[in-house]
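A, B, ... follow the sequence lines: proteins, then strands. Residue 1 opens every chain.
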There are 2 protein chains.
Amino acid sequence: MSLVFKALSDPTRRRVLELLKSGPMSAGELAGHFTVAKPTLSAHFAVLREARLITSEKSGNSVIYQIQMSVLEEALLGFAQAFGWQLNTPETPTPETPIKAPRP
Amino acid sequence: MSLVFKALSDPTRRRVLELLKSGPMSAGELAGHFTVAKPTLSAHFAVLREARLITSEKSGNSVIYQIQMSVLEEALLGFAQAFGWQLNTPETPTPETPIKAPRP
DNA sequence: ACTCTATTTCGATGTTTAGCTAAATACAAA
DNA sequence: TTTGTATTTAGCTAAACATCGAAATAGAGT
């Protein structure tokens, strides 16, 4: 959990996650959205990977990064619960308050 | 937002927030819950104060710390929204899915 | 095999962090 | 005013971090 929050404490890394939210993307493509040097960005990738927030996969001569939403969810959920809060993700609606299936 | 996440990236600081969740507490009282030296803890307080997650107030010869839930909420809410998530706090139930007031 | 492109590793540098002990400060109480 | 308690500041070390340019690596295509 500390690793996740540490990863989230940098704007560049949060932006990377946001970009990956739309779908997997190569390191180079990601780099196009930032002004920092590629080695710097590569280090950011490493931090995100260390926190298991992203996974990498080689494809040809480029590296495709993919977000791990479940890890992000779990960390935020865990923290929110400690404060009596409730986190609803689109994929995981809370059983107690179902949106669909209105009672007839 | 970065400051908040940075503050949350340390277990001791998260624990401090949890303790303060139950109500304001003096620095000494808080220190009783940790094994780290008091100056170290004081530095943690400074980080939390910098992120505006806590406020301090002198009372007699002790300092009372108080959590600022709104700041925590705002940061987490802002982040959750960027990911299409929804954060429900007890004080701020979402209008779209009211728990109380079932339709007759 | 060579070359081009993409990405990471390496090495250097400056900044930040967590932790400590010892000293300073602030206030209360005697 | 002196004493005692609570908290912070000062000064330090060791470890971690951010950033860069340059070099190394991996694969694709010729």
Show me the side-chain donor-acceptor pairs of residues 5-12 of chain B shorter than 3.5 Å, one per line, residues at least two apart or across chains.
from    : atom 1 : to      : atom 2 : distance (Å)
B:Ser9  : OG     : B:Lys6  : O      : 2.7
B:Asp10 : OD1    : B:Thr12 : N      : 2.8
B:Asp10 : OD1    : B:Arg13 : N      : 3.2

Are any protein N/O atoms closer than 3.5 Å to N/O atoms in nucleotides 16-23 of chain C? If there are, list each pair with its distance.
from   : atom 1 : to      : atom 2 : distance (Å)
C:dT17 : OP1    : B:Lys6  : NZ     : 3.1
C:dA18 : OP1    : B:Arg13 : NH1    : 2.8
C:dA18 : OP1    : B:Arg13 : NH2    : 3.1
C:dG19 : OP2    : B:His44 : NE2    : 2.7
C:dC20 : OP2    : B:Ala37 : N      : 3.0
C:dC20 : OP2    : B:Thr40 : OG1    : 2.6

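- B:Val47 is not connected to A:Phe79 by any chain of hydrophobic side-chain contacts under 4.5 Å among Ile, Leu, Val, Met, Phe, Trp and Tyr, and they are in different clusters.
- Using a 4.0 Å cut-off, no side-chain N or O of A:Tyr65 falls inside it from OP1 or OP2 of C:dA6.
- The stretch residues 18-28 of chain B has no heavy atom under 4.0 angstrom from DNA chain C at all.
- Partners of B:Ala37 by side chain to side chain contact (heavy atoms under 4.5 Å, CB included), not counting sequence neighbours, listed by chain and number: B:Pro39, B:Thr40.
- Side-chain proximity of B:Phe45 to the nucleotides D:dT8, D:dT7, C:dT7 is greatest for D:dT8.
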Between A:Leu20 and A:Leu30, is a side chain to side chain contact (heavy atoms under 4.5 Å, CB included) present by the stated rule, with each step listed? CA-CA 9 Å; A:Leu20 289 179; A:Leu30 283 165; 4.1 Å; yes
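- Heavy atoms from other residues, nucleotides or ligands lying under 6.0 Å from CD of A:Glu18 number more than 12.
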Solution key, residues 58-65 of chain B side-chain donor-acceptor pairs under 3.5 Å, sequence neighbours excluded:
from    : atom 1 : to      : atom 2 : distance (Å)
B:Ser62 : OG     : B:Ser59 : O      : 3.2
B:Tyr65 : OH     : B:Arg49 : NH2    : 3.3

With the criterion being N/O to N/O and under 3.5 Å, what pairs connect the protein with nucleotides 25-30 of chain C, and how long is each?
from   : atom 1 : to      : atom 2 : distance (Å)
C:dC27 : O3'    : B:Gly60 : O      : 3.4

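- Cluster membership for B:Val71 and B:Met69, using ILVMFWY side-chain heavy atoms within less than 4.5 angstrom, is shared.
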Just do the side chain to side chain contact (heavy atoms under 4.5 Å, CB included) check on A:Thr89 and B:Phe83 with the steps written out, would you? CA-CA 9 Å; A:Thr89 66; B:Phe83 280 81; over 6 Å; no
Walk me through it: do B:Phe34 and B:Val16 pass the test side chain to side chain contact (heavy atoms under 4.5 Å, CB included)? CA-CA 9 Å; B:Phe34 299 92; B:Val16 167; 3.7 Å; yes
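- In this structure, A:Phe34 atom CZ and C:dT7 atom P are separated by 14 Å, rounded to whole Å.
- For B:Arg52, the CZ atom sits in a loose shell: 12 or fewer heavy atoms of surrounding residues, nucleotides or ligands are nearer than 6.0 Å.
- Contact between the side-chain N/O atoms of B:Ser42 and the OP1/OP2 oxygens of D:dT8 is found at a separation under 4.0 Å.
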